[in-house]
Amino acid sequence: MLTDRLRSWIADAPPLPAFVYDLDALAAHARRIRDAVPIEVYYAAKANPDAPILRTLAPFVDGFEVASGGELRHVLDAVPFARLAFGGPGKTDSELDLRADRVHVESPRELARLAAKRRETDVLVRVNLAAAAADRAGVALAMSGPFGMDPDLIEECHDILASAPWLRLRGVHAHLSSGLDVPDLLAQSREILDWARPWAEKAGIENPEFNLGGGMAVDYSSPTRTFDWETYGREIARLALPGETLRIEPGRAVTVYCGWYVTEVLDLKPSHGRWYAILKGGTMHLRTPVTKQHDQPFTIVPNSARPVRDIEVTLVGQLCTPKDVFAREVPVTEIGIGDIVAFSMSGAYAWNISHQNFLMHPPPTFHYLTP
Ligand SMILES: *Cc1c(COP(=O)(O)O)cnc(C)c1O
């Protein structure tokens, strides 16, 4: 599982814990997505907005989806001239002053506040069809609740748009759930289009744009099984009608595989019949296994003179809370103090969602592997 490049990086005894991003692998993965998917692809920056990652992705994506004024400014700093779609609930007045190629409008009230700016702006209205999505098997996260507008509520947009000709309605945006495999995602896309096409026609949009959201499945229990971009790309292309622009905005499935959290075993002990390995750092750096309630996949690089063999071990961090767990009771052939542990699939919703200051341990270091 460890790439040769990561192995030789570890052999140089780097300062740990560290986040390591394999930018070469990221570029290859992004190229695969680009080649497979013939519709527009935006990267959802909130999955991992690290600047070298954004710059690596830029040649392979049509733009970036940002979900706050902070992300918007940050992405433009990292990738000047990038096309941006600006979404997210609860945009403030000063955020609505920021320029984006597309603003994803989340409520009639937000549309009215944008209209009051009297500035030429291209908008997509975000529809919430999440009740249907929540029932779908396999959904990891249904975006029901305050995201977008119910079909009833979105009707209020027509009058606001009619009185604000400087707002150009370009189409419809929907991001209904995440964690969907190809068949479910395609079924969801069809549902969105079935709703959005008549709505766009009634609103008089020529050449409408339909942003179908992100949410492509990522399986943390099998790090080598990736989303089937080739089948997805082939099928989604068949859904597009002439004159339409279809767009997706994946996050997790783009960057998750390029990141590693690498650390070392500080202590190893049995406690009431269970083995615990205490690792330098913790879930204040890599919060993903806590939020997703999963075992983070890992590889051990042996470095110990006296390892313990054939045990089930729980990998924990340095925090004084029983919730600081990376992986629970995982069988290992050997593990010892001083071993290096490399957690894979740490490239999305990992460092950037973590609470690094809890307990005031030193932050991780950051490294980028390039050819
Ligand atoms: C988070 C988010 C995405 C990306 O979702 P992933 O599950 O990371 O692919 C896309 N669009 C919107 C509106 C989002 O909030």
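Numbering of ligands and ligand atoms starts at 1, following listing order. Just so you know, these numbers come straight off a predicted model, no measurement behind them.
In this structure a side-chain-to-backbone donor-acceptor pair under 3.5 Å is present from Ser68 to Gly70. With hydrogens and angles ignored, the 3.5 Å screen pairs no side-chain donor or acceptor of Glu312 with any backbone N or O of Pro331. Side-chain atoms of Thr314 come within 3.5 Å of backbone atoms of Glu329 as a donor-acceptor pair (strictly under, hydrogens ignored).
For Asp122, the side-chain contact (heavy atoms from CB on, under 4.5 Å) partners two or more places apart in sequence, or in a different chain, are Arg102, Arg168, Arg170. Under the salt bridge (Lys or Arg N to Asp or Glu O under 4.0 Å) criterion, Asp35 pairs with no residue, sequence neighbours left out.
With a heavy-atom cut-off of 4.0 Å, Phe147 does not touch ligand 1 at all. Here His104 has no heavy atoms under 4.0 Å from ligand 1, in either its backbone or its side chain. Proximity of His175 to ligand 1, defined as any heavy-atom pair under 4.0 Å, is confined to the side chain (atoms from C-beta onward).
For the pair Arg247 and Tyr42, the cation-pi test (distance below 6.0 Å, angle within 45°) is passed.
Ring to ring, Trp260 and His367 are not that close: their centroids are 6.0 angstrom or more apart.
Below 4.0 Å from some heavy atom of Pro250 lie the following atoms of ligand 1, by number and element: 9 (O). Shown in contact with Arg252 at under 4.0 Å from a heavy atom are these atoms of ligand 1, numbered in order with element: 6 (P), 8 (O), 9 (O). Listed by atom number, the atoms of ligand 1 under 4.0 Å from Gly251 heavy atoms are 4 (C), 6 (P), 8 (O), 9 (O). Those atoms of ligand 1 with a heavy atom of Glu65 less than 4.0 angstrom away are 12 (C), 13 (C). Those atoms of ligand 1 that come under 4.0 Å of a heavy atom in Glu249, given as number and element, are 3 (C), 4 (C), 10 (C), 11 (N), 12 (C), 13 (C). For ligand 1, the atoms lying closer than 4.0 Å to a non-hydrogen atom of Ser178 are 7 (O).
In this structure, Gly87 has no heavy atom closer than 4.0 Å to ligand 1. Residue-ligand proximity: Ala67 is placed with every non-hydrogen atom at 4.0 Å or more from ligand 1.
Not a single N or O atom of His173, backbone or side chain, sits closer than 3.5 Å to an N or O atom of ligand 1. Checked by distance only, ligand 1 and Gly213 stay at 3.5 Å or farther apart across all their nitrogen or oxygen atoms. At a 3.5 angstrom cut-off on N or O pairs, Tyr349 counts as close to ligand 1.
Classification of the His29-Tyr257 ring pair by plane angle, with boundaries at 30° and 60°, yields perpendicular.
Checking Tyr21 against Thr255 by side-chain atom types alone, no donor-acceptor pair falls below 3.5 Å.
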